[in-house]
Each structure stands twice: as C-alpha cells, then as structure tokens.
K.L.:
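Quick one: the structure is below, and I'll ask about it shortly.
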Amino acid sequence: PDVVSYVFMMLLGFYIMLRAFNFRTWMAALGAILWAFSSYYFIIIAAGHIWKLLTLCFIPPTIGGMMLCYRGKYLWGISVTGIFTALQIFSNHVQMTYYFLFVIGFMVLAYLCTAVFCKKDNADALTLSKWFKATACFAIGSILGVLVNSSNLFHTWQYSKETMRSKSELTQKTKNEANQTN
C-alpha cells in the first residue's frame, strides 16, 4: 500500500505540473505515467529513501504553482505553491529542496529575461509589471509553505548542531602548540 501511494503522489504531482504548462489532459496523464514509473523512483523506494522520494513527489507541482503565477492565475498559483512547498518541506529532505531552489532561481531569471527582452505583440505577453506581480505571488506562496514548517525547520537546524555533520572535531595545531609538545 505504501508504494502505491508513493506512485500515486508522483502521478498526481507531475500531472498538476503539466496541466499548469497547458498540456492537454491526455498528454499530461501520459507524461505523469512516464515520470512516475521511471525506474529511479522504484530503486530509491527499495533503498529506503522514502523522504527523498516524497520531496521529489512535491517538486513538480511546486513548479506548476509557479507556472500558474506566471500565467496570471495568481490565486491558484499562490495556493498550489503554498500547499506543495509546505508538503515538500514537511518531507524533511532539505538537501533536495536546496537543489530545487537553483532550478526555481533559473526559471525566475528566464521569465525576467522574457519580460525584458521579448516582444510584447499580444496582450498575454509577460511584461515587467506582470513579472513582478507573478514573482511576488510565487514568493508569498513559498513563504507561506515555509512558515507552516518553521517549527520543523528550527528543530532540524537545532539538531544538526549535535550531529556528525556539524563542525569538525579534528583540529590542527598551531606552530606554538606544536613547539610546546616537543
């Protein structure tokens, strides 16, 4: 039952993203099937990387929320971004979320370039004012998703100080200390 729920979340998340990109329903369904049934996800399920898998489930719909913002569907964009950012952070695999921030940053930068440099021939074209509004809406949704998990993030940060990934216990002696021991 757990594997089925993971596959369903992968299907649903990718379907939401493709629909936000205006794919036809049948193409979005096919894309979601191809995404969810790729072998990598079954390998990480078998390896026990469940939190990584759950974080990967919620990354595509977060991108979909961003797309909704840049397509002018601000309320939907804020809602989808907030919900799936919250679920992504709740999955508690901060490393995957960190890598995802680079993707988001490049996408926001690409939309900025589109708003600045592309011709504004039609009414739906992305202008600089629309870019600012969409980016603000996406930021609001993202911040809401982070705030929902602020307690979890704080405790993870606090705990990380006590783990082996904190500062190194190995120290290097200075010249004075080395001379004193000789």
Side-chain angles (χ1 to χ4, degrees), residues 2 5-23 28 31-32 35-36 40-41 44-45 48-116 126-167:
D2 289 341
S5 65
Y6 302 146
V7 171
F8 178 75
M9 286 188 285
M10 294 295 288
L11 287 164
L12 182 63
F14 207 76
Y15 179 80
I16 290 170
M17 183 188 75
L18 292 180
R19 289 297 293 153
F21 275 98
N22 283 339
F23 276 65
W35 170 263
Y40 177 70
Y41 300 117
I44 64 174
I45 290 170
H49 297 286
I50 302 305
W51 298 115
K52 181 179 184 178
L53 177 80
L54 288 175
T55 303
L56 290 171
C57 287
F58 302 128
I59 286 175
T62 307
I63 293 172
M66 184 178 89
M67 281 304 305
L68 291 170
C69 289
Y70 284 105
R71 292 195 182 271
K73 299 176 181 176
Y74 303 118
L75 189 56
W76 274 108
I78 291 171
S79 302
V80 171
T81 300
I83 289 167
F84 287 104
T85 299
L87 289 170
Q88 186 182 141
I89 294 172
F90 183 74
S91 298
N92 206 21
H93 200 293
V94 182
Q95 181 184 14
M96 293 305 299
T97 303
Y98 172 75
Y99 295 145
F100 170 62
L101 290 176
F102 289 108
V103 173
I104 289 296
F106 287 127
M107 290 180 75
V108 169
L109 185 63
Y111 277 111
L112 175 61
C113 291
T114 300
V116 171
L126 185 65
T127 62
L128 207 51
S129 62
K130 288 180 182 179
W131 180 85
F132 277 114
K133 189 173 182 179
T135 304
C137 289
F138 179 67
I140 288 168
S142 299
I143 290 169
L144 289 174
V146 170
L147 288 176
V148 167
N149 290 291
S150 59
S151 175
N152 186 27
L153 289 171
F154 175 74
H155 291 299
T156 301
W157 171 76
Q158 201 172 28
Y159 176 72
S160 71
K161 293 178 184 179
E162 305 299 324
T163 66
M164 57 190 282
R165 291 186 178 178
S166 64
K167 72 175 192 163

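Just so it is clear, the model here is predicted, and its values are computed rather than measured.
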K.L.:
Does Trp35 reach the side chain of Tyr41, with side-chain heavy atoms less than 4.5 Å apart?
P.N.:
yes

K.L.:
Show the atom names and distances, to 0.1 Å, of all donor-acceptor pairs under 3.5 Å that link a side chain in residues 132-145 to residues at least two apart or in another chain.
P.N.:
| unit_1 | atom_1 | unit_2 | atom_2 | d |
| --- | --- | --- | --- | --- |
| Thr135 | OG1 | Tyr70 | OH | 2.6 |
| Thr135 | OG1 | Trp131 | O | 2.7 |
| Ser142 | OG | Phe138 | O | 2.9 |

K.L.:
Take atom CZ of Phe100 as the centre, draw a 6.0 Å sphere, and report whether it contains more than 12 heavy atoms from other residues, nucleotides or ligands.
P.N.:
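Counting other residues, nucleotides and ligands, CZ of Phe100 exceeds 12 neighbours.
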
K.L.:
Are any of the side-chain heavy atoms of Phe84 and Ile63 separated by less than 4.5 Å?
P.N.:
no

K.L.:
Can you tell me how far the OG atom of Ser150 sits from the NE2 atom of His155, to the nearest 0.5 Å?
P.N.:
9.0 Å

K.L.:
Check residues 106-114 and write down every donor-acceptor pair under 3.5 Å in which the side-chain atom is one partner and the other belongs to a residue at least two apart or another chain.
P.N.:
| unit_1 | atom_1 | unit_2 | atom_2 | d |
| --- | --- | --- | --- | --- |
| Thr114 | OG1 | Ala110 | O | 2.9 |

K.L.:
Would you indicate whether Leu75, at its atom CG, is surrounded by more than 12 heavy atoms from other residues, nucleotides or ligands within a distance under 6.0 Å?
P.N.:
no

K.L.:
Rounded to the nearest 0.5 Å, how far does CE of Met67 lie from CG of Leu18?
P.N.:
11.0 Å

K.L.:
Test your reading of the model: is there a side-chain donor-acceptor pair from Arg19 to the backbone of Ala28, 3.5 Å cut-off?
P.N.:
no

K.L.:
So how far is it from Leu153 CG to Ile89 CD1, rounded to the nearest 0.5 Å?
P.N.:
5.5 Å

K.L.:
State the NE2-CD1 distance between His93 and Ile50, to the nearest 0.5 angstrom.
P.N.:
11.0 Å

K.L.:
Distance-only criterion, 3.5 Å: show the donor-acceptor pairs between side-chain atoms of residues 53-61 and protein atoms not counting sequence neighbours.
P.N.:
| unit_1 | atom_1 | unit_2 | atom_2 | d |
| --- | --- | --- | --- | --- |
| Thr55 | OG1 | Trp51 | O | 2.9 |

K.L.:
Roughly how far apart are Ile83 CD1 and Thr62 OG1, rounded to 0.5 Å?
P.N.:
10.5 Å

K.L.:
Among residues at least two apart in sequence or on other chains, which ones pass side chain to side chain contact (heavy atoms under 4.5 Å, CB included) with Ala86?
P.N.:
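Here the qualifying residues are Val148, Asn149.
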
K.L.:
Within this structure, what is the CD1-OG1 distance for the pair Ile104 and Thr81, rounded to the nearest 0.5 Å?
P.N.:
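Going from the CD1 atom of Ile104 to the OG1 atom of Thr81 covers 8.0 Å.
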
K.L.:
Taking only residues two or more places apart in sequence or in another chain, which ones pass side chain to side chain donor-acceptor pair (under 3.5 Å) with Ser91?
P.N.:
none

K.L.:
Taking only residues two or more places apart in sequence or in another chain, which ones pass side chain to side chain contact (heavy atoms under 4.5 Å, CB included) with Thr127?
P.N.:
Lys120, Ser129, Lys130

